[in-house]
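Predicted model, so just to flag it, every value in this text is computed and none were measured. Whatever order the structure lists ligands and atoms in, that order sets their numbers, starting from 1.
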Amino acid sequence: MDALILLTNDDGIHAEGLFALNAALASLGRVVVVAPDRPRSASGHSITLHKPLRIAKVKMPGGGEWYSTTGTPSDCVLLAVHEILRRRPDLVVSGINDGPNLGWDLTYSGTVAAAMEGAIIGAQAMAISLVNTGNHPEWDYGLASEFALRVASLLLREPLPPHVFLNINVPMPPDKRLRGVMLTHQGIRRYPGRIEKRVDPAGRVYYWLGGDVPEDRLEPGSDVEAVSKGYVSITPIHLDLTNYALLEQLKSSPGFAKLLENC
Ligand code: MN
């Protein structure tokens, strides 16, 4: 039986990266796109509980099965499984994101959250992002979509254990030549959190978040380091955020022992 593949993203249904992904994966089976009707970057793992969601079947140049929804990337996966496909897809691919999802980006990312939702429903899942490390004026999704095809066919042939997924970042180095592929751990990248304070025409104050350059720590073996050196980064991710080393440390901490005793 042909594989059933669900595509989504957080850049919205008109994003170039989604078109590239759809074209690249068509040979693997039945590909269905269910994506937000507008950009939803940095929406994290949010789902919509307090307002109605709508689905629209969309005709796209080049054909294929396309649906837009008024929801978040995670809503899209849930609507796809329960309403559009009416069964669990074999593979969920989210992307190709317009920009990095490295280090602590993962906690904000709608792209990564959609792959998380894929892992939660028990499908094979991957998030894939393009990082314009060479500051090229044009974004070239070619290499990333070729790579997505290779990983997608691998996941269908050799599935990962349940409830994990892959977070993939493909760089676009200055010479557009990839140096190779590295299996990595999630690294450290933080945004200094610049907030711009402005005044609207009515004299009321408002704020713009973001626009700041992230601070990367180039730890060896991390996703951040791999991409900065021109390598494709593949990080296996699970949904367990527990710090196991700290858990053990807290168990033998006198302060915490007291806290536990006195309850
Ligand atoms: Mn995005």
Side-chain angles (χ1 to χ4, degrees), residues 5-25 33-48 53 58 60 66-80 92-119 125-145 147-148 151-152 165-172 186-187 189-191 193-194 208-214 216 223-224 227-228 232-235 237:
I5 300 166
L6 170 64
L7 304 189
T8 191
N9 72 354
D10 76 356
D11 296 329
I13 195 155
H14 298 290
E16 204 183 331
L18 188 58
F19 276 84
L21 197 55
N22 181 58
L25 301 189
V33 182
V34 182
D37 61 0
R38 71 201 84 161
R40 291 281 196 167
S41 290
S43 59
H45 203 166
S46 64
I47 51 171
T48 304
L53 291 171
V58 182
M60 286 291 186
W66 292 71
Y67 298 85
S68 75
T69 89
T70 54
T72 63
S74 297
D75 289 330
C76 287
V77 174
L78 293 170
L79 289 170
V92 175
V93 185
S94 179
I96 299 169
N97 189 58
D98 176 1
N101 277 306
L102 297 165
W104 295 348
D105 289 345
L106 270 66
T107 59
Y108 301 104
S109 171
T111 305
V112 172
M116 270 181 199
E117 201 58 48
M126 64 194 245
I128 182 160
S129 306
L130 184 62
V131 192
N132 191 351
T133 43
N135 289 319
H136 298 283
E138 300 271 315
W139 288 64
D140 179 357
Y141 290 92
L143 284 176
S145 50
F147 194 74
V151 180
F165 66 96
L166 299 179
N167 181 45
I168 301 171
N169 282 270
V170 180
M172 237 167 81
Q186 189 187 350
R189 140 180 283 231
R190 77 177 271 278
Y191 292 84
R194 198 179 69 195
W208 271 114
L209 292 184
D212 48 357
V213 179
D216 289 344
D223 53 2
V224 178
V227 166
S228 76
V232 174
S233 164
I234 303 180
T235 312
I237 302 284

Backbone or side-chain N/O/S of S41 under 2.8 Å of the Mn ion (ligand 1):
yes
Please round to the nearest 0.5 Å and tell me the distance separating atom CG of L7 and atom CH2 of W66.
7.5 Å
Distance check below 2.8 Å: does D11 bring an N, O or S atom to the Mn ion (ligand 1)?
yes
Taking just the N, O or S atoms of D10, which one is nearest to the Mn ion (ligand 1)?
OD1
What I want to check is whether the side chains of N9 and T111 have a donor and an acceptor closer together than 3.5 Å.
no
Return yes when at least one N/O/S atom of S109 is nearer than 2.8 Å to the Mn ion (ligand 1), and no when none is.
no
Do the rings of Y191 and Y108 sit parallel, tilted or perpendicular, given the 30° and 60° boundaries?
perpendicular
Carboxylate-amine/guanidinium contact D10 R40, below 4.0 Å
no
